[in-house]
Every structure is written in C-alpha cells, then in structure tokens.
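Just so it is clear, the model here is predicted, and its values are computed rather than measured.
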Amino acid sequence: MELKEKLLSSFMAFEERIDVHAELHDVRTAALKNFENKGFPTKKEEAWKYTSLNAVLKNDFTVFPKQENTVQYADVKKYFLHEIDTYKVVFIDGVFSSHLSATTHEGIDVCLLSSALNKPKYKEIVDTYFNQIVNKEESLTSLNTAFANEGAYINIPRNKVADKPIEIMYFSTGNEAALLVQPRNLIVVGENAQVQIIERHQSLNENPVLTNSVTEIFAQKRAFVDVYKIQNDSLSANLVDNTYVSQKEESSVAVNTFSFGGNLTRNNLNFYHFGERIVSYLNGITIIGEKQHVDHYTLVHHATPNCESHQDYKGIFTDRSTGVFNGKIFVEKEAQKTNAFQKSNNILLSDKATINAKPQLEIFADDVKCSHGCTIGQLDETAMFYMQQRGIPKKEAKALLMYAFSNAVIESIKIPELKQRITKIIANKLGVKMGFDL
Amino acid sequence: MLSIKNLHASIGDKEILKGINLEVKAGEIHAIMGPNGAGKSTLSAIIAGNENYEVTQGEIFLDNEDISELAPEERAHKGVFLSFQYPVEIPGVSVTNFMRTAINETRKANGQEEMPANEMLKVIREKSELLEIDRKFLSRSLNEGFSGGEKKRNEIFQMAMLEPKLAILDETDSGLDIDALRIVANGVNKLKSDKNAIVVITHYQRLLDYIVPDFVHVLYNGKIVKSGGKELAHELEEKGYDWIKQEQEA
Ligand SMILES: Nc1ncnc2c1ncn2[C@@H]1O[C@H](COP(=O)(O)OP(=O)(O)OP(=O)(O)O)[C@@H](O)[C@H]1O
Ligand SMILES: [Mg+2]
C-alpha cells in the first residue's frame with residue numbers, strides 16, 4: 001500500500017487510541033482532509049522543485065511502532081550536551097522516554113505535548129496557540145497536524161528565564177524496518193522570558209527513517225529565544241522540519257540550523273512578525289558529501305514597521321551532494337523601515353556537487369533596506385597557497401579555510417559547550433584535528 | 001643553499017621564465033630587480049612551490065636536494081619562506097591562531113613537539129615588539145582590512161616567527177611608509193645570520209640602503225640578463241631599464 005493510503009486508513013485507529021476532545025478532533029480532521037487533497041509534495045510544485053521525496057516514500061514505513069523500545073543512557077550519552085546540565089525531553093521511536101528525560105514544572109513547563117493536549121489545565125494555552133501559526137495549506141504540516149499527539153511542550157511564563165538549556169531529542173532505534181515519525185513541538189515564551197533550545201533527531205542504526213516534524217514557537221513581547229537544530233543523523237535518515245515562529249514586539253528569535261548528516265533534509269523555516277522592533281536571525285551551516293541533500297526553504301514575513309531579519313547561510317558541498325537555499329522575504333506595505341538581510345555563501349569542493357541558491361524578495365513597502373547575496377565559489381586557491389607556504393598542509397589549510405568560512409555562524413552560538421561541540425563535528429567532517437577553537 | 005638551474009616555466013601556453021640560473025649561498029643577500037612583468041613574482045612563487053605554474057625544464061635545489069617536486073608546505077617545512085607581494089586575506093582566522101598552526105605544523109613535520117603555549121606567547125611578544133606591531137593586531141583576522149603597509153609588516157612578523165632558512169621578500173617595501181620601511185628592514189637585518197639567506201625583490205634602491213645586497217640581478221623577459229654588486233642597483237636607479245632592454249635587443 002502506498003504511504004499516503006496507509007496514513008489515511010490508519011487515521012481512525014489512531015484517534016481511537018488517544019483521548020480526543022472535540023476541538024482537536026476537528027483540527028485533525030481538517031488537516032487530514034488537506035493532506036488527502038494535496039498528497040505528498042512533488043517536484044512539480046515550485047517550492048519542491050529541487051527536492052524529491054519520491055525515493056524516500058518508496059520505503060514501507062511503519063506508521064506506529066508496534067512495541068515500546070528502550071535505549072540505555074550510556075549508549076546515547078554522546079548525543080546529549082552532557083558537559084552541562086540541561087532539561088531533556090526525549091523520545092524513542094516517537095514515544096516519550098521518561099528515564100532519559102529531565103522535565104520540569106517548576107516555574108517553567110518542560111514536558112510533553114500529549115499531556116498538554118489532554119490535561120484541562122493546559123487547555124487555554126492549547127486553544128490559544130496550538131496549530132495557530134502553521135501554514136494550514138502546506139500538506140506535510142497538515143499531515144503532521146492530523147497525527148499530532150507527541151512532542152515537546154515548553155512554556156516559559158512571563159519574566160522567567162529558563163535556568164538551563166532544554167534539549168529535545170528524538171531517537172529512532174531501527175527496530176522497525178522503516179519508520180515514519182511525526183513529532184510536534186509547541187513552544188511558548190512569555191513576555192520578557194528567555195530560553196535556549198537544542199533539537200536533534202538521531203537514528204541509532206541504518207534502517208530508513210522519515211521524520212516529518214512541526215514546531216511552533218511563540219515569542220511574546222521582548223522574549224528572547226535561541227534555537228539550535230543539530231542535524232547530524234545517519235545516512236539512512238530523512239527529515240522534513242517545518243518550523244513556524246510567531247514574534248511579538250521587541251522579541252528576538254534566532255534559529256540556527258547545523259546540517260551535517262542525514263540522507264535528505266528539508267528545512268521549512270518560517271518567521272511571522274506581529275509587532276514593531278522585532279529581530280529575527282536565521283543562521284545555517286551545511287557541510288555535506290556523498291549523495292546527501294539539504295534544502296533550506298526560508299520565509300520571513302515582515303508585516304510591521306521597524307523590524308529586522310538577518311539570514312546567514314553557509315554551505316560546503318563535496319562529492320555528489322546537493323544543496324538548495326531558497327530565501328523568501330516578504331515585506332508588506334505597512335512594514336516601513338524594515339531591514340532585511342540575506343546571505344547564502346556556498347563552496348563547491350567537487351564538480352559533481354551542486355547548489356541551487358535563490359533569493360525571492362517581494363517588497364511592497366517603499367522605505368526598506370533589503371540586501372541579499374548568494375555566492376557560489378570554489379576554494380580560494382591563492383589563500384590555499386598562502387597557507388601552505390607558511391607550512392600548513394593542504395588538508396589542514398582546507399579545513400582552516402572552511403572553518404573561517406563558517407566562522408560568522410559558529411560565532412552566533414551562545415552556549416560555549418555547544419559551540420565546541422559543533423566545532424568538533426565540523427573538524428570531524430573535514431577529517432582534521434585543529435589545535436585551537438576559532 | 002639555493003641553486004636554480006636553467007629554469008623554464010609557463011602558464012598555459014605562455015612561457016614566463018626562460019632559463020633562469022641563480023646561486024644563493026648561506027649568509028648572502030641577493031636583490032632581484034627588473035621591469036614590471038619580467039617574471040620576478042613568478043620566479044618566487046615557483047621556488048615556493050605554487051602549482052599554478054608548470055615547470056617545463058630545469059631544477060631547483062635547496063641544500064643540494066631537488067625540491068622541484070615538493071608541495072608548498074614541504075618546502076616551507078624545509079625553511080623556504082615567501083613574503084607575498086599581495087598577502088592574502090583570511091577572514092575568520094586570527095594572526096595568532098594562524099601562526100600557532102603554521103609553527104606547530106612545521107614542528108610536527110620536522111619531528112618536533114608542539115611549541116608549549118607559554119613559549120608561543122613569549123615568542124609572539126618578542127617578535128611583535130621587534131616589528132613594533134600592536135598586540136591588538138594579532139587577534140584580528142589575518143590581513144583582513146589591514147592597510148597595504150600593515151600587511152607587509154605582518155609578513156615580516158611571520159618571517160620572524162618562522163625563522164626561515166631562505167626568505168624571499170617580494171616587494172615587501174612597496175606600501176611601506178618611511179618609518180615602517182626602517183622598522184621592517186631593521187627586523188630583517190636582525191634575523192639575518194650566516195646560516196640563512198635572503199632574496200629581496202624590489203623596484204627601489206631605497207630598501208637596499210637598509211638591506212644591503214651582496215649581489216644584484218636584473219630579471220628581464222624571463223631571464224637574468226645582468227648581475228653585479230650593489231652598485232648595479234644605483235646604476236638602475238639612475239638610468240632605468242632602457243639600456244638593458246637595448247642591450248638585449250642588440
Ligand atoms: N596566472 C597568470 N596567468 C597569466 N599570466 C600570468 C600569470 N601570472 C603571471 N603572468 C604573467 O607573467 C608575467 C610575469 O609576471 P610576474 O608577476 O612574475 O611579474 P613581476 O616581474 O613580478 O612584475 P611586477 O614588477 O609588476 O610585480 C606577466 O606578463 C604576467 O602577466
Ligand atoms: Mg611581482
């Protein structure tokens with residue numbers, strides 16, 4: 001049976017298994033309808049021109065794992081930022097793992113979406129926020145909504161600063177021959193509140209996985225939110241990450257995406273502004289090889305005056321890897337004095353690697369500053385010769401240049417241990433050991 | 001120390017060096033002068049191992065070892081240093097980190113331990129004082145936004161750090177103001193010993209008043225067409241290159 005049919009036919013069984021209240025049932029049913037009409041996106045759609053899910057969808061995915069799987073902390077410790085204390089919300093094959101998690105309700109809520117959806121005390125929040133900022137027309141988001149039940153729920157009330165970073169971790173064990181998981185995260189950050197979040201999807205063996213994840217982030221007035229997405233999964237893992245960010249006035253939200261692993265990765269990252277003096281940061285480092293594919297599809301919707309957005313994406317592509325950057329900036333008529341910047345700098349290290357980089361600006365206000373620059377280059381040979389002349393071997397010189405190239409984005413990481421970790425992953429990726437941190 | 005024999009080199013179809021012979025002994029200073037486009041930078045790039053040029057004939061020996069097949073870093077490890085006419089900007093890598101990597105890679109290649117961090121700091125302090133370089137400078141990205149003169153001074157700072165056996169200074173004087181020229185030349189002279197050798201490429205006599213050459217060569221149209229003592233530089237300063245060109249065409 002085709003995956004689409006399988007999903008449509010398993011919906012009733014899915015809803016029977018969980019407690020649903022009427023409103024949620026309506027939301028899910030409407031979402032399923034949209035997915036049924038549109039189906040999985042194909043290359044015929046402009047937004048999916050360079051990314052094909054066809055090969056991935058041929059797998060016979062299990063939609064709901066038959067059994068509960070466990071993993072030992074010792075086996076997965078390395079995926080956590082274990083150097084420091086963090087809150088943890090951990091899922092194994094889509095199911096919450098209480099023994100790997102460290103949740104809290106003290107002052108802030110770091111827990112499960114399933115309980116938020118079902119417990120009366122969260123109803124108001126769920127009614128206010130759940131599924132409110134997503135693009136209801138987008139079929140994969142709808143598919144996620146239809147089956148939305150589990151994921152992280154984070155609520156930082158006004159004036160609270162989360163006392164440690166929060167790690168949201170999705171493991172897949174590979175106990176299923178092929179697994180589809182659809183995590184759903186809801187993150188609400190109140191007025192003046194602050195939080196740092198690290199999100200990671202990791203499969204623990206080589207069986208194919210498709211993750212179709214949706215995250216909604218609501219930043220209230222003057223909220224500060226830092227999100228780090230670490231995409232360093234195995235080559236059998238596929239990820240479609242749909243992240244929607246809603247910002248109120250003077251809030252600042254940064255989403256940093258580090259794409260090193262995985263077979264196919266599509267990041268749909270959307271920012272919407274509802275207030276003045278908002279700042280949005282979208283940063284990315286992509287370093288891939290073999291036949292890996294990473295597609296960054298960003299949207300910043302400037303709807304209010306005096307706001308800023310900064311997009312800075314660096315990509316390094318070797319072998320036959322393929323990259324896509326499509327950055328859409330939409331500036332509405334009311335959004336005067338917008339500053340919208342976008343950069344996508346790419347290096348192709350092999351002539352078989354490709355990158356499609358495309359800015360898409362739609363500007364309806366007249367008093368705005370917008371800049372965009374997509375560059376595609378090879379390694380700077382004069383710089384290589386210069387460094388080698390000083391005694392730095394070719395491989396190290398290359399790595400140093402790559403580091404230097406991605407440095408601006410590495411610098412934006414605000415958690416020192418995470419910065420070190422990312423630097424190390426990059427060094428590993430490039431096959432060198434650097435004697436220092438940049 | 002350096003021995004170049006009948007060196008021919010080209011880029012694409014274009015022959016740039018047309019039979020260069022040059023002998024440089026330890027303890028000597030050689031100056032190479034010559035009109036624009038003569039091939040001076042090409043020669044220095046080829047000695048340093050730049051792979052963009054194709055050596056079609058001839059050999060390059062360093063201490064009796066043929067180095068023509070070695071990679072640029074291997075030549076650097078053997079003590080070849082080239083101060084670039086146009087130093088390259090490397091954003092994101094600080095001067096200090098760059099030097100640390102360069103020194104430790106060189107030591108590693110020569111079977112030595114890494115230089116301990118405190119010693120490194122000490123050497124950096126010493127050498128930056130020698131060249132009167134502000135410490136703040138060292139934490140900036142290498143050459144990025146440096147003025148022309150600052151870049152050149154930074155090249156000689158790197159030379160001082162690496163203590164090469166053979167240093168080729170390609171127009172290090174251009175872009176330097178009068179005070180900087182004195183500081184840089186003074187630095188070079190301090191580094192000079194009877195164990196190393198220096199080749200200075202310059203258009204101006206002025207530098208040679210400070211760094212006094214034992215030999216002066218004129219490179220013209222891919223060949224060394226005249227060699228002499230330091231008085232040859234004076235003669236060129238006075239008369240220009242026309243007489244040499246005429247001699248060649250005659
Ligand atoms: N990469 C290259 N491609 C094509 N031609 C080159 C290249 N490099 C050098 N040349 C040519 O080779 C010749 C010698 O150049 P080179 O830079 O060695 O001259 P130079 O003597 O250093 O001159 P200057 O005094 O202006 O620095 C010039 O005609 C130059 O245009
Ligand atoms: Mg030159």
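- For Asn64(B), the CG atom sits in a loose shell: 12 or fewer heavy atoms of surrounding residues, nucleotides or ligands are nearer than 6.0 Å.
- In this structure, the portions of Pro87(B) lying under 4.5 Å from any heavy atom of chain A include both its backbone and its side chain.
- Panel note: side chain Lys314(A), backbone Asn407(A); no donor-acceptor pair is recorded below 3.5 Å.
- Contact annotation for Met384(A): neither backbone nor side-chain heavy atoms come within less than 4.5 Å of a heavy atom of chain B.
- For Glu74(B), no part lies near chain A; criterion is any non-hydrogen pair under 4.5 Å.
- Only the side chain of Leu162(B) has a heavy atom closer than 4.5 Å to any heavy atom of chain A.
- Interface remark: Ala48(B) contributes backbone and side-chain atoms alike to the contact with chain A (heavy atom separation under 4.5 Å).
- Between chain A and the options Arg75(B), His77(B), Glu51(B), heavy-atom pairs under 4.5 Å are most frequent for His77(B).
- Scanning both residues, Asn104(B) and Met115(B), for their nearest heavy atoms gives OD1-N, 2.8 Å.
- Ring-centre distance between Phe385(A) and Phe84(B): below the 6.0 Å cut-off.
- Side-chain atoms of Ser321(A) never come within 3.5 Å of backbone atoms of Phe317(A) as a donor-acceptor pair (strictly under, hydrogens ignored).
- Other residues, nucleotides and ligands place more than 12 heavy atoms under 6.0 Å from the CD atom of Gln360(A).
- For Asn50(B), the parts lying under 4.5 angstrom from a heavy atom of chain A are both the backbone and the side chain.
- The contact between Ser83(B) and chain A is made entirely by backbone atoms, counting heavy-atom distances below 4.5 Å.
- Side-chain atoms of Lys40(B) never come within 3.5 Å of backbone atoms of Leu219(B) as a donor-acceptor pair (strictly under, hydrogens ignored).
- Put simply, the side chain of Asp170(B) never gets that close to the backbone of Ile201(B): no donor and acceptor are under 3.5 Å apart.
- If you measure heavy-atom distances from Leu142(B) to chain A, the contacts under 4.5 Å come from the side chain alone.
- When each of Pro393(A), Ala383(A), Ala408(A) is scored by its heavy-atom pairs under 4.5 Å with chain B, the top score falls to Pro393(A).
- Using a 4.5 Å cut-off between heavy atoms, Asn110(B) does not touch chain A at all.
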